[in-house]
Protein chains: 2
Amino acid sequence: MDQRQQARWEARAQVLKSLAHPSRLMIVDELSRGARCVAELREIIGCDMSTVSRHLAVLKNAGLLADQRQGVQVFYFLKTPCVLDFFECVESVLANNVQEKIYLAR
Amino acid sequence: MDQRQQARWEARAQVLKSLAHPSRLMIVDELSRGARCVAELREIIGCDMSTVSRHLAVLKNAGLLADQRQGVQVFYFLKTPCVLDFFECVESVLANNVQEKIYLAR
DNA sequence: GGTATATTTGGCTATATTGCCAAATAGACA
DNA sequence: TGTCTATTTGGCAATATAGCCAAATATACC
């Protein structure tokens with residue numbers, strides 16, 4: 001495997017890794033309805049603000065979010081709304097899994 | 001946050017987490033071209049077969065793959081090809097990131 | 001049964017991720 | 001300048017993930 005190809009797969013994994021956490025999914029979902037500041041997201045996620053800030057940094061670093069300071073607050077927003085399409089597929093995978101469980105339980 | 005809602009986000013994250021690794025992305029990509037046995041995937045990924053087997057278990061457990069034994073070999077295949085749509089969005093995120101780097105470098 | 005091949009699993013170490021607290025930073029405003 | 005509020009960062013402990021080797025399992029075939 002080529003070194004350059006390897007790097008490409010790692011970059012792709014990095015993007016998905018940034019989404020691979022329940023709190024970060026919740027953040028993306030919330031931001032799909034508009035820009036939010038850190039305190040607002042903290043309310044929804046319900047953990048320490050420093051933790052939210054780190055989650056936001058992960059998503060921003062992956063290139064999924066951008067931020068804009070407004071006075072003393074920092075608003076985050078989705079940069080690439082196509083990530084929302086992921087939800088649909090994820091739901092179908094989960095629905096599929098449930099179906100199988102039901103089937104196997106008979 | 002509701003206990004049940006929390007569990008839903010964790011289930012969703014589980015699916016994305018299963019994709020959040022370069023080797024597992026390579027596996028999904030390869031399987032998009034047809035079923036493959038573990039040894040074939042090992043060739044492509046280039047690590048210990050036991051490691052490949054564990055990666056496959058992660059993807060299977062998330063509901064993305066299924067397997068079928070044929071004699072002494074086990075063939076894995078994609079159960080929900082919609083995950084391939086992820087690649088397109090991930091590429092656009094990465095392309096976006098590169099653009100910005102170029103822009104900022106001026 | 002016994003041997004050979006393909007795959008999975010146990011056990012371990014190394015590394016990465018997560019989340020909190022406390023401290024630092026950044027802007028607003030008196 | 002000093003103070004207040006919002007956010008980020010340093011540092012740490014707990015937990016999860018990754019990867020290897022060796023051993024176990026499963027199937028084919030003699």
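Proteins come first, then strands; the chains are lettered A, B, ... in the order of their sequence lines, and each starts at number 1. The structure displayed is predicted, hence computed values, not measured ones.
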Quiz prompt | Over 12 non-hydrogen atoms of neighbours within 6.0 angstrom of CZ in Arg33(A) | solution =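 More than 12 within 6.0 Å, yes.
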Exercise. Taking atom CD of Glu88(A) as the centre, report whether more than 12 heavy atoms of other residues, nucleotides or ligands fall under 6.0 Å from it.
Key: no
Practice problem: If a protein heavy atom is under 4.0 Å from the base, mark B; if only from the sugar-phosphate, S; if neither, -; do that for nucleotides 23-30 of chain C going 5' to 3'. | Solution: ----SS--
How many Å lie between [atom1] on [X] and [atom2] on [N], as a whole number?
{"X": "Ile45(B)", "N": "dG19(D)", "atom1": "CD1", "atom2": "C1'", "result": "13 Å"}
{"X": "Leu56(A)", "N": "dT18(C)", "atom1": "CG", "atom2": "C1'", "result": "15 Å"}
{"X": "Tyr76(A)", "N": "dA6(D)", "atom1": "OH", "atom2": "P", "result": "15 Å"}
{"X": "Leu59(A)", "N": "dT17(C)", "atom1": "CG", "atom2": "P", "result": "14 Å"}
{"X": "Phe75(B)", "N": "dA26(D)", "atom1": "CZ", "atom2": "C1'", "result": "15 Å"}
{"X": "Met26(B)", "N": "dG19(D)", "atom1": "CE", "atom2": "P", "result": "11 Å"}
{"X": "Leu41(A)", "N": "dT8(D)", "atom1": "CG", "atom2": "C1'", "result": "15 Å"}
{"X": "Gln73(B)", "N": "dT8(C)", "atom1": "CD", "atom2": "P", "result": "11 Å"}

Quiz prompt | Salt bridge flag under 4.0 Å for residues Arg8(B) and Glu91(A) | solution = yes
From [atom1] ([X]) to [atom2] ([Y]), nearest 0.5 Å:
{"X": "Thr51(A)", "Y": "Ile45(A)", "atom1": "OG1", "atom2": "CD1", "answer": "9.5 Å"}
{"X": "Asp67(A)", "Y": "Gln73(A)", "atom1": "CG", "atom2": "CD", "answer": "13.0 Å"}
{"X": "Phe75(A)", "Y": "Leu31(A)", "atom1": "CZ", "atom2": "CG", "answer": "11.0 Å"}
{"X": "Arg12(A)", "Y": "Lys17(A)", "atom1": "CZ", "atom2": "NZ", "answer": "15.0 Å"}
{"X": "Leu64(B)", "Y": "Cys89(A)", "atom1": "CG", "atom2": "SG", "answer": "7.0 Å"}

Exercise. Return the nearest nucleotide to the side chain of Cys47(B); candidates are dA18(D), dC20(D), dT8(D).
Key: dC20(D)
Exercise. Consider the side chain of Ser50(A), meaning its heavy atoms from C-beta on, and name the nucleotide among dT7(C), dT7(D), dA22(C) that approaches it most closely.
Key: dA22(C)
Practice problem: Map Val52(A) and Met49(B) onto DNA chain D by nearest heavy atom, then report which one ends up closer to the 5' terminus. | Solution: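 Looking at the nearest nucleotide for each, Val52(A) comes out on the 5' side.
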Quiz item: Under a 4.5 Å cut-off applied to non-hydrogen side-chain atoms, are Leu65(B) and Lys79(B) in contact?
Solution: no
Practice problem: Starting from the 5' end of DNA chain C, give me the residue, Gln14(A) or Asp48(A), whose nearest nucleotide shows up first. | Solution: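 Closer to the 5' end of DNA chain C: Gln14(A).
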Exercise. Take the C1' atoms of the five end pairs on each side of the helix from dG1(C)-dC30(D) to dA30(C)-dT1(D), derive the two axes, and give their angle rounded to 10 degrees.
Key: 20°
Quiz item: Base, sugar-phosphate, or nothing for Arg42(B), non-hydrogen atoms under 4.0 angstrom?
Solution: nothing
Quiz item: Does a side-chain N or O from His21(B) land closer than 4.0 Å to OP1 or OP2 of dG19(D), or not?
Solution: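 Yes, such a contact exists.
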Quiz item: Does Ser53(B) make a side-chain N or O approach to OP1 or OP2 of dT8(C) shorter than 4.0 Å?
Solution: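 Indeed, a polar side-chain atom of Ser53(B) lies that close.
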Just the atom pairs and distances: protein N or O near nucleotides 11-16 of chain D's N or O, under 3.5 Å.
from: dG11(D); atom 1: O6; to: Arg54(A); atom 2: NH2; distance (Å): 2.9

Quiz item: What is the minimum heavy-atom distance between Met26(A) and Ile44(A), and which atoms define it?
Solution: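 Taking every non-hydrogen atom into account, CE-O, 3.7 Å.
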Quiz item: Taking all non-hydrogen atoms of both residues, which atom of Val38(A) and which atom of Val52(A) are closest, and how far apart?
Solution: CG1-CG1, 4.0 Å
Quiz item: Same cluster for Phe77(A) and Val93(B) if Ile/Leu/Val/Met/Phe/Trp/Tyr side chains link at under 4.5 Å?
Solution: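 No, Phe77(A) does not connect to Val93(B) through the hydrophobic network.
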